[in-house]
Each structure stands twice: as structure tokens, then as C-alpha cells.
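Okay, structure first, notes after.
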Amino acid sequence: MKRYVILISGRGSNMESLLDAGLPGACAAVISNRADAAGLAFAASRGIVTHVIDHRGFASREDFDSALAAEVGRHAPDLILLAGFMRILTDGFVRRFEGRLLNIHPSLLPAFPGIKTHAQALAAGVRLHGCSVHFVTPALDGGPIIAQAAVPVQAGDDEASLGRRVLAEEHRLYPRVARWLLEGRLHLVAGRAQLVGEIAVGGALHVPQTE
Ligand code: NHR
Ligand code: GAR
């Protein structure tokens, strides 16, 4: 059985969608950099091992990432999923787990990297917004894009209403991509996401071309 670890910082709704997806693997642990992350209680209620590694207890990002990498590594995961994890990871951490490290970002990358993405989209006046799942590389929000889902921006949208519509798509998209990786069908090859086998493309979901 493949093993995956989820990193969170807060609410954990993406974590919940992953845990409820019946993925072909076991969630070995949920790790948060914040003790008050609401998602920790949900994970514990499912009998999943949880750990808190508070970044404020470390003198540098490197020290925090060393502790985080040690804890993640103890679980020997095939896949690590950033799910609303809000700490930028150092090159050392990313390199150790490269090809097994995914993030969901609430914009259609490469538009609107960083934080406050819904506010950025509204300020830019785009008509389509959405979410992206990408391999994590040292370049923040710059790793190879695996799949995206788009939502229309509607008249009268504010950050909250637009964010809700994007989040609903995140909950559909992320488990789907996690499944591909756990099935051994998704690989990071020469800096690109490569998907093996047949994929039905429907609606506003955009996935890589199959081999
Ligand atoms: N690390 C690397 N190396 N590469 C990526 O692509 C990463 C990453 C770590 C996290 C998630 C990302 C997102 O989806 C992610 C991608 C946090 C920040 C940030 O500015 C930016 C992007 C992402 C996550 N964090 C601040 C920091 O100083 C703290 C902000 C806060 O605590 O609220 O680390 O958007
Ligand atoms: C999600 O929208 C996720 O894409 C985003 O934060 C939210 C977390 O919600 N991630 C980032 O902005 C990473 N910088 P959740 O905790 O309910 O999954």
C-alpha cells in the first residue's frame, strides 16, 4: 500500500476532500506548522497520526525545514500533499522530496502566485479564475503544472464568493491528481508533468496530454 503525508496550516478542507476520496493509499500522517490548525482535529477523528512542528520554535527556515523533513521522512511517504500549507519551503526540503511533492494553489498559474489570489484576480479584472495542482520545485508556485480547473468570475463577486467557487473546484481536482500519482501514472520528467494512460477530459478541467 502506498503512503501519503498531508501538510496543512489551517482549516484543512482540501485535506478532508483527500481523506474522503478513497485514494489508493494510506494517509500516514497529517503535519501542521500551527497548533491551532482546525484540520488537526478532523484528522485525529479519523484515527490519523498528527504532528505539530511550530515554525516559530526555530531560528531559521533551514532549521524548521530540517525538522519538518525528518518528520515527513520518518513516514517514508510515496506522496506529500501541501493542502493550504502556508510556509515557503527551502531548496533542501524540496529537492529531497522532488517528484513526490504536490501543491494546490488557488489561481490559474502562472497568474497570481503567492497569497491573496482571489483579491489579485478581482483587481486584475480577469473573467476566468481557478486553481492549479503543480509539482513543488524551489521556484515558489513555479513548478510544473499538472492540472487546472477554471471558474467564471461573476458580476458582484467579492473575495469570499469567488473563493468559495474556486474551493469547490479544488476539492474535485486535488484528489483526482493525487490518485494519478498514487497509481503510478503521473511523473515529473525533465521538468514537465507527464501523465500515462487514458484520461477523460470534461468540462472546465484541463489535464496534460496523454502519451
Ligand atoms: N515552497 C516552495 N519551495 N515552492 C513552492 O511552490 C511552494 C512552497 C511552499 C508552499 C504553497 C504556496 C501557495 O499555494 C507553497 C508552494 C505560502 C506562501 C507564503 O508567502 C506563498 C505561497 C505558498 C504558500 N508564505 C509566507 C512565508 O513567509 C507566510 C505567509 C503566512 O504565514 O500567512 O513562508 O500559495
Ligand atoms: C485553499 O484555497 C488552498 O488552495 C489555499 O489555501 C486554502 C486552504 O484551505 N492555499 C494557499 O493559499 C497556499 N498558499 P483549506 O485549509 O481549507 O484546504
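Only a predicted model underlies this, so the values are computations on that prediction, with no experimental measurement involved. Quick note: numbers below take in every heavy atom, side chains included, and nothing from hydrogens, waters or symmetry partners. Just so you know, ligand 1 is whichever comes first in the structure, and atom 1 is the first atom listed for that ligand.
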Numbered atoms and elements of ligand 2 in range of M86, under 4.0 angstrom, heavy atoms: 11 (C), 12 (O), 13 (C), 14 (N)

Ligand 1 N/O within reach of F85 N/O, cut-off under 3.5 Å: no

Under 3.5 Å: N/O of M86 near N/O of ligand 1: yes

Atom 7 (C) of ligand 1: nearest protein contact (heavy atom, Å): L140 CD1, 3.5 Å

Within-4.5 Å side-chain heavy-atom neighbours: Y4 and L181: no

Shortest non-hydrogen contact from A37 toward I8: CB-CD1, 4.1 Å

Ligand 1 N/O within reach of L89 N/O, cut-off under 3.5 Å: yes

Closest to atom 28 (O) of ligand 1 (judged by heavy-atom distance), picking from K116, H134, R95, R61: R61

Heavy-atom gap I104 to ligand 2 smaller than 4.0 Å: yes

4.0 Å heavy-atom contact, T137 with ligand 1: yes

Region of P138 that comes within reach of ligand 1 [heavy atoms, distance under 4.0 Å]: backbone

Any N/O pair N14/ligand 2 closer than 3.5 Å: yes

Residue S13 vicinity, atoms of ligand 2 by number, heavy atom under 4.0 Å: 15 (P), 16 (O), 17 (O), 18 (O)

Exercise: do D158 and S161 side chains pair donor with acceptor under 3.5 Å: yes

Protein residue, atom and distance nearest to atom 12 (C) of ligand 1, heavy-atom basis: D141 OD1, 3.3 Å

T117 contact mode with ligand 1 (heavy-atom cut-off under 4.0 Å): neither

4.0 Å heavy-atom contact, G143 with ligand 1: no

Closest protein heavy atom to atom 9 (C) of ligand 1, given as residue, atom name and distance to 0.1 Å: R87 O, 3.2 Å

H51 side chain to E71 side chain, donor-acceptor N/O pair below 3.5 angstrom: yes

L23 CG to E183 CD distance, which is reported to the nearest 0.5 Å: 9.0 Å

Candidates L102, L109, L82, I104 - the one meeting side-chain contact (heavy atoms from CB on, under 4.5 Å) with H134: L109

Atom 14 (O) of ligand 1: nearest protein contact (heavy atom, Å): N103 ND2, 2.8 Å

Residue pair Q148 / S132, side-chain donor-acceptor N/O under 3.5 Å: yes

Polar contact flag for G12 and ligand 2 (N/O pairs, less than 3.5 Å): yes

Mode of A139 contact toward ligand 1 - side chain, backbone, both, neither (heavy atoms, under 4.0 Å): backbone

Distance from atom 6 (O) of ligand 2 to nearest protein heavy atom, with residue and atom: G84 CA, 4.0 Å

Heavy atom of the protein closest to atom 19 (C) of ligand 1 (residue, atom name, distance): I88 CG1, 3.6 Å

Those atoms of ligand 2 less than 4.0 Å from some heavy atom in E170: 1 (C), 2 (O), 3 (C), 4 (O)

Student check: side-chain heavy atoms of C131 and L173 closer than 4.5 Å: yes

T117-H105 side chain donor-acceptor pair, cut-off 3.5 Å: no

Salt bridge present between D20 and R46 (N-O < 4.0 angstrom): yes

Atoms in ligand 1 flagged as close to I104, the criterion being non-hydrogen separation under 4.0 Å: 14 (O)

Sidechain N-carboxylate O distance under 4.0 Å for D157, R165: yes

For A178 against L18, the heavy-atom pair lying closest together: CB-CD2, 4.0 Å

Gap separating the CE atom of M15 from the OG atom of S9, nearest 0.5 angstrom: 12.0 Å

Result of checking V72, I31, N33 against I53 for side-chain contact (heavy atoms from CB on, under 4.5 Å): I31

Nearest protein heavy atom with distance in Å, relative to atom 35 (O) of ligand 1: H105 ND1, 2.8 Å

